[in-house]
S.K.: 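The following block contains the structure, expressed as structure tokens.
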Amino acid sequence: MIDSALSDRAGRRVTLRPVDDDNWRAVADVAPRDDQRAWVAALAARYLLLTTRSDVWTSLAVYADETVVGHVMWGVDDDGSRWIGGMVIDAAEQDRGVGRAAVRILAGWLGAQGGGHPVRLSYHPDNGQAARLYTSLGFVPTGAMEDEELVVELLAPGRP
């Protein structure tokens, strides 16, 4: 479990936990709002499948207290950079600070493990909500694009 004692706006403790036999179904059923499906999978199950078929990505369940509320994955690129991807917070759980806490927790953990390598992620340029979130957390554009998405990185990855 990755826990940095961060909470959402309702005071629920947000943690990141391995996907296992007990929680994978709840993680697979996580679904974003309909208006977000242009940028993320309709169900987190797609990301779970990706992580079982890839040596790069690892899925994590996002919990608020003891309830699965989302999915996020991480990976390490060939250049050593750490990546955050596949974040989906269930539609019913959005606008409560869960996603913000999840990114802060994972970026801090990846930064601490990264030996000075940057923490990166990408998002579609039309996804204004993602742009505001990541900018407010200190992510800055690298100038690169990945699959039509802007690549951003955290300047101080050990302290999101």
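For the single chain, residues carry numbers from 1 onward in sequence order. Predicted model only: the values in this text are computed from it and were never measured.
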S.K.: Is the side chain of Tyr47 donor-acceptor paired with the backbone N or O of Met87 at a distance under 3.5 Å, no angle test?
M.R.: no

S.K.: Locate the shortest heavy-atom distance separating Ala107 from Leu154; write the atom from each residue and the value.
M.R.: CB-CD2, 3.8 Å

S.K.: Is Val88 close to Gln36 at the side-chain level, that is, under 4.5 Å between some pair of heavy atoms?
M.R.: no

S.K.: Is there a path of hydrophobic side-chain contacts, each under 4.5 Å between heavy atoms, that joins Leu137 and Trp39?
M.R.: no

S.K.: With salt bridge (Lys or Arg N to Asp or Glu O under 4.0 Å) as the criterion, how do Arg17 and Glu66 come out once you've worked through the C-alpha distance, each side chain's angles and the decisive distance to 0.1 Å?
M.R.: CA-CA 11 Å; Arg17 303 179 192 179; Glu66 294 304 313; 3.0 Å; yes

S.K.: Hey, are the side chains of Thr15 and Arg13 touching, using non-hydrogen atoms and a 4.5 Å cut-off?
M.R.: yes

S.K.: Under the side-chain contact (heavy atoms from CB on, under 4.5 Å) criterion, do Val72 and Leu16 qualify, and how do the steps go?
M.R.: CA-CA 8 Å; Val72 66; Leu16 306 178; 4.2 Å; yes

S.K.: Can you give me the closest heavy-atom contact between Ala28 and Leu43, atom names plus distance?
M.R.: O-CB, 3.7 Å

S.K.: Show me, pair by pair, the donor-acceptor contacts under 3.5 angstrom made by side chains of residues 142-152, not counting sequence neighbours?
M.R.:
| from | atom 1 | to | atom 2 | distance (Å) |
| --- | --- | --- | --- | --- |
| Thr142 | OG1 | Ala144 | N | 3.1 |
| Thr142 | OG1 | Val151 | O | 3.1 |
| Glu149 | OE1 | Ser122 | OG | 2.7 |

S.K.: Using side-chain heavy atoms (C-beta onward) and a distance below 4.5 Å, is Val119 in contact with Ile84?
M.R.: yes

S.K.: I'd like to know if Tyr123 and Val40 are part of one continuous hydrophobic network [Ile/Leu/Val/Met/Phe/Trp/Tyr, side-chain heavy atoms within less than 4.5 Å].
M.R.: no

S.K.: Quick check: is Val98 connected to Val19 through a chain of hydrophobic side chains (ILVMFWY, heavy atoms under 4.5 Å apart)?
M.R.: no

S.K.: Would you find a donor on one side and an acceptor on the other, under 3.5 Å apart, between the side chain of Ser136 and the backbone of Leu133?
M.R.: yes

S.K.: Look only at the side chain of Asp8 and the backbone of Gly11, and say whether a donor-acceptor pair between them is shorter than 3.5 Å.
M.R.: yes

S.K.: Could you walk me through whether Gln113 and Arg82 pass the side chain to side chain donor-acceptor pair (under 3.5 Å) test, one step at a time?
M.R.: CA-CA 9 Å; Gln113 313 261 329; Arg82 276 52 182 158; over 6 Å; no

S.K.: First locate atom OH of Tyr134, then atom CZ of Arg100, and finally report the distance between them rounded to the nearest 0.5 Å.
M.R.: 10.5 Å

S.K.: Side-chain contact, heavy-atom cut-off 4.5 Å: Met73 with Thr58?
M.R.: no

S.K.: Under 3.5 Å, side chain of Asp90 to main-chain N/O of Val27, donor-acceptor pair present?
M.R.: no

S.K.: Can you find a pair of side-chain heavy atoms, one from Phe139 and one from Leu121, that are under 4.5 Å apart?
M.R.: yes

S.K.: Taking atom CG of Leu49 and atom OG of Ser59, what is their separation to the nearest 0.5 Å?
M.R.: 9.5 Å

S.K.: Could Glu93 and Arg33 be called an ion pair, given the rule that one side-chain N must be under 4.0 Å from one carboxylate O?
M.R.: no

S.K.: Any non-hydrogen side-chain atom of Leu60 less than 4.5 Å from a side-chain atom of Leu106?
M.R.: yes

S.K.: Between Trp83 and Trp57, is a ring-ring contact (aromatic ring centres under 6.0 Å, His included) present by the stated rule, with each step listed?
M.R.: CA-CA 9 Å; Trp83 282 77; Trp57 293 104; 7.2 Å; no

S.K.: Hey, any chance Trp74 and Leu6 share a hydrophobic cluster, counting ILVMFWY side chains that come within less than 4.5 Å of each other, even indirectly?
M.R.: yes

S.K.: Is there a side-chain contact between His71 and Val62, using heavy atoms and a 4.5 Å cut-off?
M.R.: no

S.K.: Is it the case that the side chain of Gln94 and the backbone of Pro32 share a donor-acceptor pair, with hydrogens and angles ignored and the cut-off at 3.5 Å?
M.R.: no

S.K.: Quick one: does Tyr63's side chain get under 4.5 Å of Asn23's, heavy atoms only?
M.R.: yes

S.K.: Hey, mind stepping through Ser81 and Asp79 against side chain to side chain donor-acceptor pair (under 3.5 Å) and telling me if it holds?
M.R.: CA-CA 6 Å; Ser81 60; Asp79 66 0; 2.6 Å; yes

S.K.: Taking a hydrophobic cluster as the set of Ile, Leu, Val, Met, Phe, Trp and Tyr residues connected by side-chain heavy atoms closer than 4.5 Å, whether directly or through intermediates, do Leu48 and Val69 fall within one such cluster?
M.R.: no

S.K.: Please check if the side chain of Thr135 supplies one atom and the backbone of Arg132 the other of a donor-acceptor pair under 3.5 Å.
M.R.: no

S.K.: Answer yes or no: is there a donor N or O on one side and an acceptor on the other, between the side chain of Asp65 and the main chain of Thr67, under 3.5 Å?
M.R.: no

S.K.: Looking at NE2 of His117 and CG of Asp77, how far apart are the two atoms once the value is rounded to the nearest 0.5 Å?
M.R.: 10.5 Å

S.K.: Could you check whether atom CG of Asp20 has more than 12 heavy atoms from other residues, nucleotides or ligands sitting under 6.0 Å from it?
M.R.: yes

S.K.: Where do Ile105 and Ser4 come nearest, in terms of heavy atoms and distance?
M.R.: CG1-OG, 3.2 Å

